[in-house]
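Note sheet for the following structure.
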Amino acid sequence: MNNAGNNSGMLIIISGPSGSGKGTVVKSLDKSRFAHSVSVTTREKRPGEVEGIDYFFRTMEEFEEMRNEGRLLEHAYFCGNCYGTPRDYVEQKINEGCTVVLEIEVNGALQVREKIKNCVLIFLIPPTMEELARRLVTRNTESPETIEDRLYRAEEEIELVDKYDYLVINDHVADAVKRIDDIVNVESLKPFRCGAMVEALKNKTWHGMRIDEMCRENNSGKEGAHAKAVV
Ligand code: 5GP
């Protein structure tokens, strides 16, 4: 359902309580379609986590240095640890026309919305609160105190759900992934994300040829072929 000739970048933010399955859903998104931003955190590495893939694990001093130098697009404190999104990667990918995905908590998401109005906010929830608790307990990565802290925090995060553009229930990962794909497809049809097409329509330069083919040709002929980021 994508409009050909749509070459603007898009920023997708996926939030949701700990245990909503955000990580699994984001990892299951089509890698050829989405650029996944890796966050910086001061949290301890969990067994199996890999530096540069799951997170950039940093000390508090290193994190503060990045924040003070303006190298984080957003940052937040969550259940005893700091998390932040490296600014450079996101800006570079969006300027290349990519669809970038951030998997971040609500305060960070709302900070990004302040800076980048056209970002798309998706809130992921499990089918029931009981399921959320069950997932947190069975994944066996947190102490009982941390689980309790995260469940309390889940209630706080859910309070902010109406600040989001879309609500997706994560009952089955494949279904949640499909819903996120559908959201991105619909978003990409919005005229402000189809700069080349809108320009051709307004300038009446699309006569005699299918507009999508014309825009595609024009884009591929351009040096670098990168449209201005619209995010
Ligand atoms: P976890 O410790 O379970 O990996 O992550 C805890 C929470 O921090 C999750 O809700 C996760 O989405 C969020 N988070 C991960 N990276 C970032 C980030 O860069 N910024 C913000 N604001 N939250 C993040």
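This chain uses plain numbering: 1 for the first residue, then up along the sequence. Basis for what follows: all heavy atoms, side chains included, without hydrogens, waters or symmetry-related copies. Counting starts at 1 for both ligands and their atoms, in listed order.
In K163, the NZ atom is not crowded: 12 or fewer heavy atoms of neighbouring residues, nucleotides or ligands sit closer than 6.0 Å. The 12-atom threshold is not exceeded at CZ of R210, counting heavy atoms of other residues, nucleotides or ligands nearer than 6.0 Å.
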All N/O donor-acceptor pairs, side-chain side in residues 148-155, below 3.5 Å, sequence neighbours left out:
| residue | atom | partner | partner atom | Å |
| --- | --- | --- | --- | --- |
| R150 | NH1 | S18 | OG | 2.7 |
| R153 | NH2 | E105 | OE1 | 2.7 |

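Through direct or indirect side-chain contacts shorter than 4.5 Å among Ile, Leu, Val, Met, Phe, Trp and Tyr, L72 is connected to V38, V40, F56, F63, M66.
Under the salt bridge (Lys or Arg N to Asp or Glu O under 4.0 Å) criterion, the residue pairs touching residues 35-44 are R43-E49, with sequence neighbours excluded.
In terms of modelled atom types and a separation under 3.5 Å, the side chain of R71 and the main chain of P86 share no donor-acceptor contact.
Each of K22, S39, R43, R46, Y55, E74, A76, F78, Y83, G84, T85, E103, I104, E105, G108, R150 has a non-hydrogen atom positioned under 4.0 Å from some atom of ligand 1.
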